[in-house]
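Let me begin by presenting the structure, written as structure tokens, before commenting on it.
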Amino acid sequence: MNREKAVRLTKHAEGYSRTRGFLFEEVRAAIRQGEWRPTEQGRWETEIESVYNSDWNGRRFKTKKVRPIFVEEPGEIVVITVYVYYY
């Protein structure tokens, strides 16, 4: 596992950035700082929580969690999708 590789979003993941409300920097921070866990599909997942204290879809939330699903390729980390939780 090399957390320092370049991180790239697939078109699928990039397409959800606005509707789910995540920034590329949050995804990269999760990959660099979070604990990597294997998924059932042979991919990896990790997550990072941050103080949010803002509105999302008309409701106020204190916390935001960003959870990318990704694969580690020889030259880069490719993010398949990103889940975002507000609470």
Side-chain angles (χ1 to χ4, degrees):
M1 297 189 316
N2 183 346
R3 297 169 185 267
E4 298 306 315
K5 288 182 181 179
V7 176
R8 178 175 61 86
L9 300 177
T10 61
K11 295 278 185 201
H12 172 83
E14 192 174 358
Y16 279 105
S17 65
R18 284 191 180 196
T19 57
R20 293 184 180 168
F22 67 87
L23 302 173
F24 175 74
E25 293 79 15
E26 294 171 314
V27 173
R28 186 172 46 209
I31 289 169
R32 301 273 194 263
Q33 300 168 19
E35 177 187 338
W36 290 18
R37 298 177 305 274
T39 70
E40 292 179 8
Q41 298 84 16
R43 299 173 179 165
W44 294 94
E45 70 176 1
T46 189
E47 61 191 30
I48 193 169
E49 275 189 0
S50 60
V51 174
Y52 189 61
N53 288 328
S54 224
D55 291 343
W56 177 252
N57 286 338
R59 290 186 54 204
R60 188 120 182 119
F61 295 97
K62 292 182 178 183
T63 307
K64 179 179 181 181
K65 182 190 294 186
V66 176
R67 183 171 65 101
I69 308 297
F70 58 96
V71 294
E72 183 180 15
E73 297 289 336
E76 65 184 352
I77 294 169
V78 181
V79 178
I80 309 297
T81 195
V82 180
Y83 298 104
V84 183
Y85 308 91
Y86 297 90
Y87 45 96

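- In this structure, the side chain of Lys5 does not engage the main chain of Val78 through any donor-acceptor pair within 3.5 Å.
- To the nearest 0.5 angstrom, Arg37 atom CZ is 10.5 Å from Trp44 atom CH2.
- For the atom pair OG1 (Thr19) and CG (Asn57), the distance works out to 9.5 Å, reported to the nearest 0.5 Å.
- Nearest heavy atoms, Val79 versus Ala13: O-CB, 3.7 Å.
- Formation of a donor-acceptor pair under 3.5 Å by the Trp36 side chain with backbone atoms of Thr46 is not found in this model.
- Partner of Ile48 under the side-chain contact (heavy atoms from CB on, under 4.5 Å) criterion, out of Gln33, Lys64, Arg28: Gln33 alone.
- Atom-to-atom distance recorded for Ile80:CD1 and Thr10:OG1 is 5.5 Å, nearest 0.5 angstrom.
- Applying side-chain contact (heavy atoms from CB on, under 4.5 Å) to Phe70 and the options Ile77, Val7, Val27 leaves one that passes, Ile77.
- The nearest pair of heavy atoms linking Glu47 to Ala30 is C-CB, 4.2 Å.
- Rounded to the nearest 0.5 Å, atoms OH (Tyr85) and CZ (Arg20) are 9.0 Å apart.
- Note on ring orientation: taking the six-membered ring where Trp is involved, the planes of Trp56 and Tyr86 are parallel (angle under 30°, cut-offs 30° and 60°).
- Heavy atoms from other residues, nucleotides or ligands lying under 6.0 Å from CZ of Arg18 number 12 at most.
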Trace of the side chain to side chain contact (heavy atoms under 4.5 Å, CB included) decision for Tyr83 with Glu45
CA-CA 10 Å; Tyr83 298 104; Glu45 70 176 1; over 6 Å; no
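- Hydrophobic cluster membership is shared by Ile31 and Met1, with clusters built from Ile, Leu, Val, Met, Phe, Trp and Tyr side chains linked at under 4.5 angstrom.
- Here the CD-CZ distance, from Glu73 to Arg8, works out to 8.0 Å after rounding to the nearest 0.5 Å.
- Contact of the Tyr16 side chain with the Val82 side chain is not registered, since no non-hydrogen atoms from C-beta on lie closer than 4.5 Å.
- Here the straight-line distance linking atom CG of Asn53 with atom CZ of Phe61 works out to 12.0 Å at 0.5 Å rounding.
- Counting heavy atoms of neighbouring residues, nucleotides and ligands inside a 6.0 Å radius, atom CZ of Arg59 does not exceed 12 of them.
- Partner Thr81 forms a side-chain contact (heavy atoms from CB on, under 4.5 Å) with one of Arg67, Arg43, His12 and no other, that one being His12.
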